[in-house]
A.B. asks: 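Please read through the structure below; I'll follow up with questions.
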Amino acid sequence: METAYNPSAIESKWYAYWLEQKLFESKVDSREPYTIVIPPPNVTGVLHMGHMLNNTIQDVLIRRARLQQKNACWVPGTDHASIATEAKVVARLKERGIAKETLSREEFLKHAWEWTEEYGGVILEQLKRLGASCDWSRTTFTMDQHMYDSVIEVFVDLYEKGHIYRGYRMVNWDPEAKTTLSDEEVIYQEREGNLYYIQYPYTDGSGALTVATTRPETIFGDVAICVNPDDPRYTDKLGKTVLVPIVNREIPIISDTYVDAEFGTGCLKITPAHDQNDKAIGDKYALEVIDALNADATLNAYALHYEGLDRFEARPKIAEELQSLGLLLKVENHLNKVGTSERTGAVVEPRLLDQWFLKMDELVKPAIDAVLKSGEIKLHPSKFDNTYKHWLENIRDWNISRQLWWGQQIPAFYYDNTFVVARTLEEAVDKANERAQSAKSDKRYTAVDLRQDEDVLDTWFSSWLWPISVFNGILEPDNKDINYYYPTSDLVTGPDILFFWVARMIISGYEYRKTYPFKNVYLTGLVRDKQGRKMSKSLGNSPDALGLIDTYGADAVRVGLLLSSAAGNDLLFDESLCQQGRNFANKIWNAFRLITSWEVAWIAQPEASKIGIEWFNSQFNSTLDFIEDQYAKYRISDALMALYKLIWDDYCAWLLELIKPAYQQPIDATTRQEAFELMERLLVVLHPFMPFLTEELWQQLDKRADTESICVAHWPSSGPVNQELMSQFSHTQAVISALRTLRTEKQLKPKELLDIQTQQTDQPQVIPEVLSKLGFTSPITIVESAGENTLSLRIETTEYYIPIEAQINLEEEVEKLQAELEYQRGFLEMVNQKLSNKRFVDNAPEAVVAVERKKAADALEKIQAIEATLSKLT
RNA sequence: GGGCUCUUAGCUCAGUUGGUUCAGAGCACCUGCCUUACAAGCAGGGGGUCGUAGGUUCGAAUCCUACAGGGCCCACCA
């Protein structure tokens, strides 16, 4: 065996083996199911650090469940991501000189499917490199036929239940993608802008009214000027009219308490077509709506000679013209929040459009209760409860239509001046005719009379069904998969899509399965770089995920990611984390090399080995209990760290050193057997974190049948813990540590056996066999006095004081002892002071007072011992 | 603007109901070792008045208040 672990060949070998053995495939059976549905990545996405973290956690959970003999099912898949994917397809077409507008819907979709087939699923292949144990036979794409049909079914159903409606409303418009966005898809950013003070001349020629605006290009849509009714500056102006500059259109001055007299000049221009609040005021006072913008955010004919110009290009030009007209009073710098598109980054334009909405007020109720009242669903960490609650309680109707082609086309069919909602065109024709019939109309419709809505549904309107639709639970609500696997067990995702996705899945779960979609939600943190910056392409600070696997091995990367990422905490990623993972893999590799290198002989088991193994069993059991507890709390990092220490410190550093035979000496059969069994148990517990390494070693550790894999080995159960032995052992460790320190400080040769003489002052006992095995002889004798250049001194360990005999420098030692004496006297005084405090003695629990008394007694004892030693020396 | 949350060693973080075991872990760092599993290692070591200022208490990293500085979420101030 090589002296270092070399992951690359091993990883591909075992992944292929796992697939071949179908170890990740799950079928309904009588075992307890453990289900995770993957947060489907964008079908054309590539693996980044966030995915790696997220999917490693899922894999850890699913592999552990598998070892616990549960029926583990991890459903993988991808999302069609309508805006993002459509944008990419449009860009590629543009490169080839094809404009989307010149294509029919069918032609465009053909290109989109081509793209999907070309790049789709690359990310799933990359997940395999990471070791993800998904049931690939269940791979699902949100545009698969049954997934598509599920979405349509749900739309029709919700429409029929009255939850979906069509409305002419102010919506968020992305002028780049030329589609509407939901409120959640708008990201507000602070931008440096200007506040323009524009003068609107009174029609009666009595001067002008000054209005402050950040968007002078919208003056073409102005329909009124509004002031606060209590603003004394304007009370005599109410009822007058002013002229909109440039277009010279006459508009009234009105008043409403909405206007803040403190801001700007206290005058607000009302532009109902381009601002949510203006629309509200416009509606209140029955004002006209003038839309001065085109879909691509260029100005239209209302803007006269600015027609065709982009809104941001027009802005300074309009300011210039106003300046030349003498109507621009001043321009101030102004910081304001601008809504931008989550996908394209374009500045979002509020627009009045006919759109489809999902009414949320009723649907949301069970989703609130599930997390905050019944506790059916738990968020990890729970600090997200508040955020979740706030969002759901203030939820607004969801705009679910998108002006795109890539996605599920809205199943609404228009004819005459009305529409029907139906699963298919045929069904729509029938419905239209039924409706005509019941209205006693003679009119009859055929397919050519009906025209389907051009829009598609928001991507999240398909992903909110994911935990149900991957098991086909919408179309066949009683099939055996959905009944068995749903509700799923755990969901692992980032907090950035808590609203987009998690909350909505909970809503749809209660609507369509009458129960929660998952029991636990593990929210990971964001992966950031060492400086705490978000990883992004433009900063170039995002490491190549697959490159890391190539360099360090998948196991090492997994460990590196997990070691320092508590749930919900951002992870400041640094490559050194992977190094730590690699070092750990190597440590285990070498421990394995050691135990498999021994010759076995039929000799008696040394006492030290026997004790060591008994101790390690206790240590293992107590650590396993701890690990189970950490898993139960979803503290994966802590579980891993405990295991890391168990393997590195306890197994390698202590146990192996204790049982290791002398050079080229054989080992007794019992010890070797025990060491192997312990290693095997450690490998199983480690397997969820480091699947490849553990499989390799597990296979080499014993003869395994072709079909045997650590993936389906049995998770060990905890056993009894010998507390007394644990205590003795840790005491012995402390003594050894103290002795080593002494040896280092006194610069004794490493190999030199240090004769120590210990005096037991209290339980627990040191274990002489352990001391001896590790290079310290330890006749238990009491040293009464110091000889020449020899001192009986006390070495402090955590709890006890052990007299040690060693060669030392007397002067130095005296100095040290005097310092120690002073310290102890001060300490004693402090404790005595506390003990003479009546309030303390009366109020503190008995045990606490006893501890203080013991401290005092110990200190006194120490002082006396030091004084005695000093008197002998001087 | 509203709400939530955080501040503990150089870094990333544990620290449950205030009380022995509370001032910890991993990494990094320093010193000495190429000792026959592992230098991707071994042995040892130094680091913190727990953000600041008050308060409650016999006792505060822990509870309360204010302040300072981060972070997150939400919100229509033109």
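Chain letters run A, B, ... following the sequence lines, proteins first and then strands; every chain starts at 1.
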A.B. asks: Looking at A:Ser637, does any N or O in its side chain come under 4.0 Å of the phosphate oxygens OP1/OP2 on B:C13?
C.D. replies: no

A.B. asks: Using the side-chain heavy atoms of A:Trp391, tell me which of these nucleotides is nearest: B:C74, B:A75, B:A37.
C.D. replies: B:C74

A.B. asks: Side chain of A:Glu657: nearest nucleotide among B:C73, B:A78, B:C38?
C.D. replies: B:C38

A.B. asks: Using distance alone, with no hydrogens and no angle criterion, decide if A:Gln579 and A:Glu575 have a side-chain donor and acceptor under 3.5 Å apart.
C.D. replies: no

A.B. asks: Among B:C74, B:G71, B:A37, which is the nearest nucleotide to the side chain of A:Leu594?
C.D. replies: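 The listed nucleotide nearest to A:Leu594's side chain is B:A37.
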
A.B. asks: Any idea which of B:A78, B:C38, B:G71 is nearest the A:Thr3 side chain?
C.D. replies: B:C38

A.B. asks: How long is the line joining NZ of A:Lys383 and P of B:G71, in whole Å?
C.D. replies: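 Distance, rounded to whole Å: 14 Å.
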
A.B. asks: Roughly, in whole Å, what's the span from CZ in A:Arg396 to P in B:A75?
C.D. replies: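 It is 6 Å, rounded to the nearest whole Å.
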
A.B. asks: Can you give me the N/O atom pairs linking the protein to nucleotides 25-28 of chain B at distances under 3.5 Å, or say none if there are none?
C.D. replies:
unit_1: B:A25; atom_1: O2'; unit_2: A:Lys645; atom_2: NZ; d: 3.0
unit_1: B:G26; atom_1: O2'; unit_2: A:Gln580; atom_2: NE2; d: 2.8
unit_1: B:C27; atom_1: OP1; unit_2: A:Tyr644; atom_2: OH; d: 3.4

A.B. asks: Any non-hydrogen side-chain atom of A:Gln619 less than 4.5 Å from a side-chain atom of A:Met726?
C.D. replies: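 Yes, side chains in contact.
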
A.B. asks: Nearest whole Å is fine: how far is B:C77 C1' from A:Ile270 CD1?
C.D. replies: 12 Å

A.B. asks: Cut-off 3.5 Å, side chains only: do A:Ser182 and A:Asn399 have a donor facing an acceptor?
C.D. replies: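 There is no such pair between these side chains.
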
A.B. asks: Under 4.0 Å, counting only non-hydrogen atoms across every strand here, what does A:Asn336 touch: a base, just sugar-phosphate, or nothing?
C.D. replies: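 It contacts sugar-phosphate atoms only.
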
A.B. asks: Using only side-chain N and O atoms of A:Lys337, determine if any of them is under 4.0 Å from OP1 or OP2 of B:A75.
C.D. replies: no

A.B. asks: Kindly say if A:Asn586 contacts the phosphate of B:A39, meaning a side-chain N or O under 4.0 Å from OP1 or OP2.
C.D. replies: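 For B:A39, neither OP1 nor OP2 has a side-chain N or O of A:Asn586 closer than 4.0 Å.
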
A.B. asks: Mark yes or no for a side-chain to base donor-acceptor pair under 3.5 Å between A:Asn277 and B:C76, with no hydrogen or angle criteria applied.
C.D. replies: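 For A:Asn277, whose side chain was compared with the base of B:C76, there is a donor-acceptor pair (under 3.5 Å).
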
A.B. asks: Return yes if the base of B:C38 and the side-chain atoms of A:Lys587 contain a donor-acceptor N/O pair under 3.5 Å, otherwise no.
C.D. replies: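 Checked by distance alone, the answer is yes.
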
A.B. asks: Is there a side-chain contact between A:Thr214 and A:Asn194 in this structure, where contact means two heavy atoms from C-beta onward sitting under 4.5 Å apart?
C.D. replies: no

A.B. asks: Determine which bases of RNA chain B form Watson-Crick or G-U wobble pairs with both distances under 3.5 Å, and write the result as a 5' to 3' dot-bracket string with | for other-strand partners.
C.D. replies: (((((((..((((.....[....)))).(((((.......))))).....(((((..]....))))))))))))....

A.B. asks: Is A:Arg593 touching bases, backbone alone, or none of the nucleic acid, heavy atoms closer than 4.0 Å?
C.D. replies: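 Sugar-phosphate: the residue A:Arg593, judged by heavy atoms under 4.0 Å, touches backbone atoms but no base.
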
A.B. asks: Using the closest heavy atom to pick a nucleotide of RNA chain B for each, name whichever of A:Asp183 or A:Thr265 lands nearer the 5' end.
C.D. replies: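 Counting from the 5' end, the first nearest nucleotide belongs to A:Asp183.
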
A.B. asks: Parallel, tilted or perpendicular, judged at 30° and 60°: which one describes the rings of A:Tyr651 and A:Phe616?
C.D. replies: perpendicular

A.B. asks: Is any side-chain N or O of A:Tyr188 under 3.5 Å from a base N or O of B:C74, one able to act as donor and the other as acceptor?
C.D. replies: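 Not at all, since no donor on one side and acceptor on the other fall under 3.5 Å apart.
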
A.B. asks: Quick test: give all pairs of protein nitrogen or oxygen and nucleotides 15-17 of chain B nitrogen or oxygen below 3.5 Å, distance rounded to 0.1 Å.
C.D. replies:
unit_1: B:G15; atom_1: OP1; unit_2: A:Arg635; atom_2: NH1; d: 3.1

A.B. asks: Looking across every strand, which nucleic acid part, if any, lies under 4.0 Å from A:Asn386 by heavy atom: base, sugar-phosphate, or nothing?
C.D. replies: sugar-phosphate

